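Quick notes on the structure that follows.
Note that these values count all heavy atoms, side chains included, but never hydrogens, waters or copies made by symmetry. We're numbering straight along the sequence, starting at 1. Quick caveat, the model's predicted, so the values are computed rather than measured.
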Amino acid sequence: MATVYFYEKPGCSNNTRQKKLLAAAGHQVVARNLLTEAWQADRLRTFFGALAVRNWFNYSAPEIKHGEIDPDNLTEQEALVLMLENPLLIRRPLMQVGDRLMAGFDQEAVDNWIGLKEIETNQDLENCPRPLAQPSCGHE
C-alpha cells in the first residue's frame, strides 16, 4: 500500500474520517498541518493540477462563506497569493503519494488513484459539516 502525505487542518472532523478511510485501506498516513506548512506558490500550485481555480478553494472558509472572496473571479496568481496569506482557503486535504499529488477528497478519485477499501456514499467528506453559526473546530 501507499504512504500518503496528508496535509490537513488539525481538528477537522472530515479530515479525521478521510485519514481513517485511507488507513482502513492499508495506507500509511503521514499527517501534516496544512496551516503551518511553509508553502511556496509553485509548490502549492502543483497540488491542483488541471483543476479550475474555483476548485482549489475550501468553500467552508469564512471569507468565502461571507462573500468576501469569490473564487470564480480570481486568476491563478491571485488565488495563490490569497492562499499563501490564509491557508484556510486551501481545499483540503492536499495529498502526496510519491510524485503524484491531489487536492480534495473525492472518494472515487482517491479509490482510482491509490485504492480505498470502502467508500462512504452517504457522507460528504469534503465540505465542513458545521453550519456557519456554529463554533469552529479550531484554527478559524
Take the angle between the ring planes of Y7 and F47 and call it parallel below 30°, perpendicular above 60°, tilted in between. perpendicular
Heavy-atom nearest pair, G115 first then A25, reads O-CB, 3.7 Å
Taking the side chain as everything from C-beta on, heavy atoms only, tell me whether M102 gets closer than 4.5 Å to L94. no
Main chain of A2, side chain of H27: is a donor-acceptor contact present, judged purely on distance under 3.5 Å? yes
For the pair Q107 (side chain) and A109 (backbone), establish whether a donor and an acceptor sit closer than 3.5 Å, ignoring hydrogens and angles. no
Side-chain touch E37/P87, heavy atoms, less than 4.5 angstrom: no
If you define the side chain from C-beta out and look only at heavy atoms, does anything of W56 sit under 4.5 Å from R91? no
Near E68 CD, under 6.0 Å, is it more than 12 heavy atoms from other residues, nucleotides or ligands? yes
In short, L116 meets D111 closest at the heavy-atom pair N-OD1, 2.8 Å
Would you find a donor on one side and an acceptor on the other, under 3.5 Å apart, between the side chain of W39 and the backbone of L34? yes
State, with a plain yes or no, whether a side-chain heavy atom of M1 is found less than 4.5 Å away from one of Q28. no
Are any non-hydrogen side-chain atoms of R92 and F6 less than 4.5 angstrom apart? no
Does any non-hydrogen side-chain atom of L84 lie less than 4.5 Å from one of L44? yes
Scanning both residues in full, the closest heavy-atom pair of P93 with Q18 reads CD-OE1, 3.2 Å
Can you check whether Q96 reaches T46 side chain to side chain, under 4.5 Å on heavy atoms? no
Interatomic spacing from CD in Q40 to CG in L80 - rounded to 0.5 Å: 11.5 Å
Test your reading of the model: is there a side-chain donor-acceptor pair from H66 to the backbone of P62, 3.5 Å cut-off? yes
Are the side chains of V110 and L22 in contact, using a 4.5 Å heavy-atom criterion? yes
Smallest separation among heavy atoms of V53 and P71, with atom names: CG1-O, 4.2 Å
Please check if the side chain of N15 supplies one atom and the backbone of K9 the other of a donor-acceptor pair under 3.5 Å. yes
Residue that, paired with I64, satisfies side chain to side chain contact (heavy atoms under 4.5 Å, CB included) out of D70, N58, L89: L89
Just by distance, with hydrogens left out, do E63 and N86 show a side-chain donor and acceptor under 3.5 Å apart? yes
Could you go step by step and tell me if R32 and E8 meet the salt bridge (charged side-chain N to carboxylate O under 4.0 Å, His left out) rule? CA-CA 6 Å; R32 301 268 170 90; E8 67 174 334; over 6 Å; no
Could you check whether any side-chain N or O of E85 sits under 3.5 Å from a backbone N or O of L82, counting only pairs where one atom can act as donor and the other as acceptor? no
